[in-house]
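In this chain, residues are counted from 1 in sequence order.
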Amino acid sequence: MPKILIARLGAMGDILHALPAVTGIRAALPDATIGWMVEERWSELLAAQGSDTAGGAGSRKPVVNTIHYVNTRLWRSRIFRAGTAGMVSGAIKAVREQHYDIAIDFQGAIKSAVLARLSGAAIKAGFVTPREPAARFFYSERYGRVGEHVIEQNAGLAAQALKGVTEATEIKLLAPQLPLDEAAESWAEAEILRQGIAGFALMNPGAGWGAKQWPAARYGEVARALAVHGIKTLVNAASGEEALAQQLIDASGGNASLIRCTIGQLIALTRRARIFVGGDTGPLHLAAALGIPTVGLFGPTDPARTGPFGDKCVALRHPESQTTFSHHKETEQGLLKITVEETIHAARWLLGGGRG
């Protein structure tokens, strides 16, 4: 059986966009050894906290056999300090010791392509048009993009790169398998009980950059409307997004509260949510991956490529929005034209089963 290395270092949404393809690889090649190079802070998307980094797959680590931690942020911050070269070489040595047959770079960045190249794998596969064009020079095999959504493109890359291995077995686009962390599941149950909520919505007012952030106070108005249906709102906020969360809570009329949790706990909590409302950010894609009704609010990024993926998802985007990856701080003007009423209507439609 082949030994396959995945290079997708981060971040949350991007890992979740690669996970359906790797879930498909696991289904097509159940006896294959699959390793994944990932930034340690995102590892709970692949394995429950406390799981062994090596060994067989299971409910706590459903897709991969081995997780290879990298910390490129730390490496860059101390590039000239003693010991950094040792950390980098140690991480690469651990990968090379696995003797992978093929490395597939779903990230398309120079750093991920270099790590795939240094893995020792005989075949280094990636897109012919990677996100950072120079990355393609580190691949031994390059493949075109199949489909419009990045999830479809990742599945297409996996199918093409492994065609000689899978032979008659098709790599299908499957719902991603996420780890089941018993401790996190217990925490979620206890937290819901503590909050005294039956049905709840999750909202995430933050985003990777300001242009993708719908005004937090508008989320609060949506929370007010959901409360009419007996649905309270839990607000997820990353470090540094506390002010946004408070704006949402203040506008909700007492119908929203802040939730602080690890990634594993967020997975467990999201599994129990009635609906998710948020912008183009990791928690949105987590909700879609788990099959939770999801309303995505899009501005500078195109939902046709990176929107919530699934039949329980609605992506709202104003016609005036222009696709750009320039990380502006101010909310994109087209995103501002998505109204509270439109968002409430989409949420109610999903809560009603998406009928009518």
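Note that the CD1 atom of I231 and the CZ atom of F200 stand 10.5 Å from one another [nearest 0.5 Å]. Note that OG of S59 and CD of E182 are 6.0 Å apart. Values are rounded to the nearest 0.5 Å. A distance of 13.5 Å separates CZ of R136 from CG of D105, quoted to the nearest 0.5 Å. Atom CZ of R271 and atom CG of L180 lie 5.5 Å apart (nearest 0.5 Å). Of the inter-residue distances, the one linking L290 atom CG with L16 atom CG reads 8.0 Å to the nearest 0.5 angstrom. L336 CG to E330 CD: the interatomic distance, rounded to the nearest 0.5 Å, is 9.5 Å.
L157 pairs in a side chain to side chain contact (heavy atoms under 4.5 Å, CB included) with only one of the listed residues (I171, V146, I104), which is I104.
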Exercise. Decide side-chain contact (heavy atoms from CB on, under 4.5 Å) for T233 and V277; before the verdict, give the C-alpha distance in whole Å, the side-chain angles of both, and the deciding distance to 0.1 Å.
Key: CA-CA 10 Å; T233 294; V277 183; over 6 Å; no
Quiz prompt | Criterion side-chain contact (heavy atoms from CB on, under 4.5 Å) on R8 and W36, from CA distance to verdict | solution = CA-CA 7 Å; R8 177 72 257 190; W36 194 312; 3.7 Å; yes
Quiz item: Step by step, would you call L19 with L46 a side-chain contact (heavy atoms from CB on, under 4.5 Å)?
Solution: CA-CA 9 Å; L19 203 49; L46 304 177; 4.0 Å; yes
Practice problem: Kindly determine whether D302 and T323 satisfy side chain to side chain donor-acceptor pair (under 3.5 Å), including the steps that lead there. | Solution: CA-CA 6 Å; D302 185 357; T323 301; 4.5 Å; no
Exercise. Could you give me the CA-CA distance, side-chain angles and deciding distance for E189 and R272, then say whether salt bridge (charged side-chain N to carboxylate O under 4.0 Å, His left out) is met?
Key: CA-CA 9 Å; E189 291 289 346; R272 292 159 172 78; 2.9 Å; yes
Self-check item: Stepwise ring pair (Phe, Tyr, Trp, His ring centres under 6.0 Å) check, F276 with H285
Solution: CA-CA 10 Å; F276 182 96; H285 301 297; 9.3 Å; no
Practice problem: Might you work through the side-chain contact (heavy atoms from CB on, under 4.5 Å) test for V222 and M203, ending with a clear yes or no? | Solution: CA-CA 10 Å; V222 177; M203 292 189 187; 3.7 Å; yes
Quiz prompt | Audit row: T339, E342, side chain to side chain donor-acceptor pair (under 3.5 Å) steps and yes/no | solution = CA-CA 5 Å; T339 67; E342 287 177 283; 3.3 Å; yes
Quiz prompt | Worked verdict on E39 versus T72 for side chain to side chain donor-acceptor pair (under 3.5 Å) | solution = CA-CA 7 Å; E39 300 277 358; T72 58; 2.3 Å; yes
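The two residues R142 and F137 make their nearest non-hydrogen contact at NH2-CA, 4.2 Å. Heavy-atom minimum distance, S140 versus A122: OG-O, 4.1 Å. Residue P20 comes nearest to L174 through the heavy atom pair CB-O, 3.2 Å, listed as atom of the first residue, atom of the second, then distance. The shortest heavy-atom contact between R224 and N255 is CA-ND2, 4.1 Å. Contact between A184 and G264 at its shortest, heavy atoms only, is CB-O, 3.5 Å. A207 and Q213 make their closest contact through N-NE2, 3.5 Å (heavy atoms, listed as atom of the first residue, atom of the second, distance).
Remark: side-chain polar atoms of H149 are paired, donor with acceptor, to backbone N or O of G307 under 3.5 angstrom. Distance alone, capped at 3.5 Å, is enough to place a donor-acceptor pair between the R60 side chain and the Q49 backbone. Side-chain atoms of E132 come within 3.5 Å of backbone atoms of I110 as a donor-acceptor pair (strictly under, hydrogens ignored). Side-chain N or O atoms of E191 include none that pairs as donor or acceptor with a backbone N or O of A188 at under 3.5 Å. Using a distance-only test at 3.5 Å, with no hydrogens or angles considered, a donor-acceptor pair links the side chain of R317 to the main chain of G299. Side-chain atoms of D101 never come within 3.5 Å of backbone atoms of P2 as a donor-acceptor pair (strictly under, hydrogens ignored). Not a single donor-acceptor pair under 3.5 Å links the side chain of D280 to the backbone N or O of G296. Remark: side-chain polar atoms of S112 are not paired, donor with acceptor, to backbone N or O of A7 under 3.5 angstrom. A donor-acceptor pair under 3.5 Å is absent between the side-chain atoms of E152 and the main chain of G147, judged by distance alone. The main-chain N or O of P300 is never found under 3.5 Å from a side-chain atom of T324 such that the two would form a donor-acceptor pair.
By the 6.0 Å contact criterion, NE2 on H345 is open, its count of non-hydrogen atoms from other residues, nucleotides or ligands being 12 or less. Remark: R145 CZ is packed, more than 12 non-hydrogen atoms of other residues, nucleotides or ligands lying under 6.0 Å away. Within 6.0 Å of CZ in R41 there are more than 12 heavy atoms belonging to other residues, nucleotides or ligands.
Proximity of L5 to I102: side-chain heavy atoms (C-beta onward) are nowhere separated by under 4.5 Å. Counting only heavy atoms from C-beta outward, the side chains of I275 and L350 approach each other to under 4.5 Å. In this structure, S257 and K232 have side chains that are not in contact, with every pair of non-hydrogen atoms separated by 4.5 Å or more. Between D14 and Q107 the shortest side-chain heavy-atom distance does not fall below 4.5 Å. Side-chain contact between W214 and I338: present, with at least one pair of heavy atoms (C-beta onward) separated by less than 4.5 Å. Here the side chains of R274 and L351 are in contact, with some heavy-atom distance below 4.5 Å. Counting only heavy atoms from C-beta outward, the side chains of I15 and F106 never approach each other to under 4.5 Å. The shortest distance between side-chain heavy atoms of V70 and V95 does not fall below 4.5 Å.
Between W209 and H327, the two ring planes are parallel [angle under 30°; tilted spans 30° to 60°].
Comment: E141 does not engage K124 in a salt bridge, judged by the lack of any side-chain N to carboxylate O separation of less than 4.0 angstrom.
In this model, no donor atom of one side chain and acceptor atom of the other lie less than 3.5 Å apart for T33 and N65. Using modelled atom types, one finds no donor on one side chain facing an acceptor on the other under 3.5 Å when comparing Q246 with E242. A donor atom on one side chain and an acceptor atom on the other are found under 3.5 Å apart for S321 and E332. No side-chain N or O of S239 forms a donor-acceptor pair with one of R260 less than 3.5 Å apart. Defined by atom type and a distance below 3.5 Å, a donor-acceptor pair is present between the side-chain atoms of H229 and R348.
Under the 4.5 Å side-chain heavy-atom criterion for Ile, Leu, Val, Met, Phe, Trp and Tyr, V165 and I6 are members of the same hydrophobic cluster. Taken together through direct or relayed side-chain contacts under 4.5 Å among Ile, Leu, Val, Met, Phe, Trp and Tyr, M37 and M87 form part of one hydrophobic cluster. V340 and L248 fall within a single hydrophobic cluster, where Ile, Leu, Val, Met, Phe, Trp and Tyr are joined by side-chain heavy atoms under 4.5 Å apart, directly or via other members. Under a hydrophobic clustering in which Ile, Leu, Val, Met, Phe, Trp and Tyr are joined whenever their side-chain heavy atoms come within less than 4.5 Å, directly or via other members, L173 and V22 fall into different clusters. I151 and F298 fall into different hydrophobic clusters, where Ile, Leu, Val, Met, Phe, Trp and Tyr are joined by side-chain heavy atoms under 4.5 Å apart, directly or via other members.
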